[in-house]
Amino acid sequence: MFCCKQLRLYRFQQFSTFRWCSQVFDQIEKESRRKIKISLFQDALKQAEEFKVKEEFIRFTLCDVNSQSQLIEAAVPANVLYSAIAKTYNLEFSLVERLYGEINSMNNFEDVFNAHNKSTSIQFSSLFQKIQEIFELSGGGCEEQKEVLVKDLLSLCSSAQEVKYLIRFLKKRMRIGLSTQSVSSLLDESERKRLLGYQSGSGDLQIGIPIQPQLAKSFQKENKEEEITMEKIKKKFLNDDLGGCYFEYKYDGERLQVHYTNGEVKLFGRSLEEKTKQFKELSNQLKDYFHNNKFDDVILDCEMICYDKGEILPFQEMQNKTYENSVYLSLVCFDILYHNKQILLNKTYSQRLQIYNSILKPITNQRQVISHIISHRFKNESEMDRFYKQALIDGLEGIMIKRDAVYSPGSRNDWLKIKKEKDIDLVVLGGYYGQGKRQQWLGSFLLGIYENGRLHPIAKIGTGFSDQKLEELTKRYMSKPSCSCPQHLVGFKDQPHVWFSQNDVWEVTYDTVSASPLYPAQNSQLNTGISVRFPRFKRERPDKTIEQSGPIQDLLEEYFKVQRKEFF
DNA sequence: AATGTCTGCCCC
DNA sequence: ATTCTGC
DNA sequence: GCAGAATGGGCAGACATT
């Protein structure tokens with residue numbers, strides 16, 4: 001008996017410390033096989049449960065404190081974190097900043113840390129409690145207080161490894177190759193609701209708790225000249241089985257999941273955040289609508305758009321109007337997950353379509369609080385092709401093609417989105433150090449465009465590179481002498497870490513042109529700068545000179561066309 | 001009170 | 001949002 | 001195909017600074 005008690009006590013000390021937690025993370029991070037990662041986490045979860053820190057352990061893994069009061073800024077601001085690190089270990093702020101608080105990349109951090117070595121590690125539960133205290137701070141002067149508390153936390157760490165994972169937590173990037181999907185798969189439905197805030201959709205359904213929205217994958221062109229043809233779509237996505245598919249317009253708004261029961265409405269965003277209060281006016285209008293139309297209970301999947309005088313506003317303008325005046329906000333419903341006490345997730349799309357069509361009016365160019373999207377059953381390829389071209393003429397983002405399948409929360413497999421992509425040649429001006437797996441490379445670049453004899457910043461770019469390409473580009477530009485900031489860009493707000501002395505031309509793909517408060521490229525016709533939405537690297541263009549970039553007139557013209565509602 | 005800077009399971 | 005990567 | 005982890009523009013809101 002006595003032995004048993006001793007053993008339990010011993011295990012308690014071993015398992016509930018922060019040292020235990022950081023060792024688990026280290027093990028999971030080093031393991032590349034996802035199955036093994038998950039089983040390692042599962043074992044740790046059992047231990048955490050035994051020592052009553054399961055919830056804290058999960059929240060720590062997902063970098064989520066869930067401090068009930070939704071009002072607070074969740075993260076410790078980067079500069080507060082860096083300052084706390086610098087002061088605790090007597091390092092230069094600029095060094096910490098330069099390495100983005102990644103102690104992995106600090107030379108000899110072990111040596112630096114040795115002075116702080118401790119034999120005993122803090123209990124995981126008390127560490128988590130201290131973290132919560134930090135996250136509950138808000139209001140004037142809270143950043144100073146946060147810094148003090150972060151310094152305390154750092155000094156409580158007993159090993160460099162603990163420091164590493166504490167910093168990652170505070171930066172909200174644990175990056176051990178295991179995140180919400182894997183954690184979710186190990187939880188039961190009630191834990192999922194409580195800890196992750198959503199339900200899986202399997203089994204019972206509770207109205208008022210969001211379901212992961214189904215997503216779409218995008219059709220990607222293989223080269224610039226390639227035309228998007230329905231033939232190719234068939235080959236890539238639908239696998240010769242177009243017959244049962246539906247296609248519809250893709251509206252460029254904001255995803256909203258609507259829940260209605262017992263006379264109350266709740267709204268959820270794409271990331272499952274509750275939006276009811278944010279769109280209060282709309283919520284009230286919906287409540288009246290459902291009440292007046294004798295709805296009992298329902299869950300709808302919608303796109304929120306914004307009308308002005310019978311016209312749908314572009315995305316950027318919708319964002320501007322969203323908070324100050326929701327009078328024009330409107331929902332386009334494109335799916336139904338629950339109706340009249342019936343779960344509809346396992347019905348096929350054609351069945352769900354029939355239901356939402358029967359209870360809502362179709363979308364028109366007059367504003368209605370909520371209306372249903374017009375969905376077309378596939379007849380032939382040329383009809384779908386015409387529909388896609390018409391979508392662009394009508395100023396929409398593109399089209400969606402949907403298999404006649406059940407609703408699969410989180411899946412991207414059954415819906416395909418087709419949008420118009422554009423390409424432009426831009427000039428690389430400088431680079432920014434990367435983070436995480438890119439910490440030894442440049443992780444993104446500043447791009448410019450030639451205008452009036454000078455290069456003006458117009459966008460940053462950080463995706464579209466293979467690892468190999470990024471390494472090659474980093475070596476190339478870092479091995480050349482960097483230059484100082486060009487005279488005319490001294491006031492630019494987002495200075496690159498390295499200005500390049502050699503400016504090459506890159507081909508960049510983007511979706512649309514946007515008005516920009518940050519990027520100065522413009523001309524006299526416009527009192528704002530412009531940039532591009534969704535920029536991605538396509539290839540280098542060594543055959544082009546900087547004068548051949550752009551031209552910016554093309555982008556401006558595209559912007560003005562959208563303003564004038566002239567599409568193609 | 002006005003302006004500047006930074007952040008977000010933000011929205012896309 | 002887009003894209004790449006290892007499994 | 002999935003899940004994870006890099007990265008984009010730009011908005012409102014929260015804080016700090018002046």
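What you see below is based on every heavy atom in this structure, not just the backbone, and it leaves out hydrogens, waters and symmetry mates. What you see is a predicted model; the values in this text were computed from it and never measured. By convention in this document, chain letters (A, B, ...) are assigned in the order of the sequence lines, proteins followed by strands, and residues within each chain are numbered from 1.
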Among the nucleotides D:dA5, C:dG6, C:dT2, which one has an atom lying closest to any side-chain atom of A:Ser218? C:dT2
Tell whether A:Thr463 reaches the base of C:dT2 with its side chain through a donor-acceptor pair below 3.5 angstrom. yes
Check this one for me: any side-chain N or O of A:Ser271 less than 4.0 Å away from OP1 or OP2 of B:dC10? yes
Pick the C1' atom in B:dC12 and in D:dG1, then give their distance to the nearest Å. 24 Å
Tell me the interatomic distance from A:Asn79, atom CG, to D:dA16, atom P, rounded to whole angstroms. 12 Å
If only side-chain N and O atoms of A:Lys37 are considered, is one of them under 4.0 Å from the OP1 or OP2 phosphate oxygen of D:dA3? no
Dot-bracket for DNA chain D, please, read 5' to 3', with Watson-Crick or G-U wobble pairs under 3.5 Å on both distances, ( ) within the strand, [ ] crossing, | other strand, . unpaired. ||||||||||||||||||
Would you mind classifying the nucleic acid contact of A:Ile176 as base, sugar-phosphate or nothing, using non-hydrogen atoms under 4.0 angstrom? sugar-phosphate
Sorted by position of nearest nucleotide on DNA chain D, 5' first, the leading residue of A:Cys142 and A:Met174 is A:Met174
State whether A:Lys538 and A:Asp423 are salt-bridged, where the test is any N-O pair (Lys NZ or Arg NE/NH1/NH2 against Asp/Glu carboxylate O) under 4.0 Å. no
Give A:Lys35 one of three labels, base, sugar-phosphate or nothing, depending on what nucleic acid heavy atoms sit under 4.0 Å from its own. nothing
So that I can tick it off, tell me whether A:Arg175 and A:Glu102 are bridged by a salt bridge, with the cut-off set at under 4.0 angstrom between side-chain N and carboxylate O. yes
Output the rounded distance in Å from CD (A:Glu471) to C1' (C:dC4). 15 Å
Compare side-chain N and O positions of A:Arg175 against OP1 and OP2 of D:dA6 and report whether any pair is under 4.0 Å apart. yes
Rounded to whole angstrom units, what separation is found between the NZ atom of A:Lys171 and the P atom of D:dA6? 9 Å
In whole angstrom, give the distance that lies between atom CG of A:Asp467 and atom P of D:dA5. 14 Å
From the set D:dC2, D:dA6, C:dA1, return the single nucleotide nearest to any side-chain atom of A:Arg438. D:dA6
Nearest heavy atom decides the nucleotide; on that basis, is A:Gly141 or A:Phe315 closer to the 5' end of DNA chain D? A:Phe315
Selection from D:dA16, D:dC11, D:dC2 that lies nearest to any side-chain heavy atom of A:Asn413: D:dC2
Pick the C1' atom in B:dG4 and in D:dG8, then give their distance to the nearest Å. 23 Å
Listed nucleotide nearest any side-chain atom of A:Tyr519, set C:dT3, D:dG9, D:dA6: D:dG9
With heavy atoms under 4.0 Å as the rule, sort A:Arg34 into base, sugar-phosphate or nothing. base
In terms of side-chain geometry, is the basic nitrogen of A:Glu144 or A:Lys146 positioned less than 4.0 Å from the acidic oxygen of its partner? no
Report which part of the nucleic acid A:Leu62 touches: base, sugar-phosphate, or nothing (heavy-atom distance under 4.0 Å, all strands). nothing
With a non-hydrogen cut-off below 4.0 angstrom, is A:Phe465 in contact with a base, only sugar-phosphate, or nothing? sugar-phosphate
Which one, C:dT3, D:dC11, B:dT5, comes nearest to the side chain of A:Lys493? B:dT5
How long is the line joining CD of A:Glu254 and C1' of B:dG8, in whole Å? 13 Å
Can you tell whether the side chains of A:Glu558 and A:Lys561 come within less than 4.0 Å, N to carboxylate O? no
Under a 4.0 Å threshold between the charged nitrogen and the carboxylate oxygen, would A:Glu191 count as salt-bridged to A:Lys54? yes
Gap between atoms NZ and P, on A:Lys538 and D:dG8 respectively (whole Å): 16 Å
Tell me: CD of A:Glu397 to C1' of B:dC12, nearest whole Å? 8 Å
Distance below 4.0 Å between A:Arg536 side-chain N/O and C:dT3 OP1 or OP2: yes
Over all strands shown, is A:Cys63 touching base, sugar-phosphate only, or nothing at heavy-atom distances under 4.0 angstrom? nothing
Does this structure show an ion pair linking A:Glu317 with A:Lys321, if we count only N-O contacts that are shorter than 4.0 Å? no
Side chain of A:Arg33, heavy atoms from C-beta onward: which of C:dC7, D:dA3, D:dG10 has the nearest atom to it? C:dC7
Contact class for A:Phe537 (heavy atom, under 4.0 Å): base, sugar-phosphate, or nothing? nothing
If only atom types and distance count, is the side chain of A:Lys171 paired as donor or acceptor with the main-chain N or O of A:Tyr100 below 3.5 Å? yes
Hey, does the side chain of A:Ser32 come within less than 4.0 Å of C:dC7's phosphate (OP1/OP2), counting only N and O? yes
Partners passing side-chain hydrogen bond (donor to acceptor under 3.5 Å, both in side chains) against A:Lys37 (at least two apart in sequence or in another chain): none
Categorize A:Gly197 for me: base, sugar-phosphate, or nothing, with a 4.0 angstrom heavy-atom threshold over every strand shown. nothing
Minimum heavy-atom separation for A:Val498 to A:Tyr433, with atom names? CG2-OH, 3.9 Å
Please tell me if A:Lys437 has a side-chain N or O lying less than 4.0 Å from either OP1 or OP2 of D:dA5. no
NA contact type, A:Ser182, heavy-atom cut-off 4.0 Å: base, sugar-phosphate, or nothing? sugar-phosphate
Parallel, tilted or perpendicular: ring planes of A:Phe41 versus A:Phe57, cut at 30 and 60 degrees: parallel
Quick one: is A:Gln316 getting a side-chain N or O under 4.0 Å of the D:dC11 phosphate, OP1 or OP2? yes
For the side chain of A:Arg270, counting heavy atoms from C-beta on, which of C:dA1, D:dG10, D:dG8 is nearest? C:dA1
Using a heavy-atom cut-off of 4.0 Å across all strands, would you classify A:Gly140 as base, sugar-phosphate, or nothing? sugar-phosphate
Choosing from B:dC9, D:dG8, C:dT5, which nucleotide comes nearest the side chain of A:Ser466? C:dT5
Interatomic distance, A:Glu144 CD vs D:dT17 C1' [rounded to whole Å]: 12 Å
Under 4.0 Å from OP1 or OP2 of D:dG8: is there any side-chain N or O of A:Ser444 that close? yes
Side chain of A:Arg173, heavy atoms from C-beta onward: which of C:dT2, D:dT7, D:dG9 has the nearest atom to it? D:dT7
Any base atoms under 4.0 Å from A:Lys417, or only sugar-phosphate, or nothing? Heavy atoms, all strands. sugar-phosphate
I'd like to know if the side chain of A:Arg533 reaches the main chain of A:Val513, judged simply by a donor and an acceptor atom lying under 3.5 Å from each other, with no hydrogens or angles considered. no
Select from A:Lys250 and A:Leu272 the residue whose nearest nucleotide in DNA chain B is closer to the 5' end of that strand. A:Leu272
A:Lys172 side chain: which of B:dC9, C:dA1, B:dC6 is closest? B:dC9
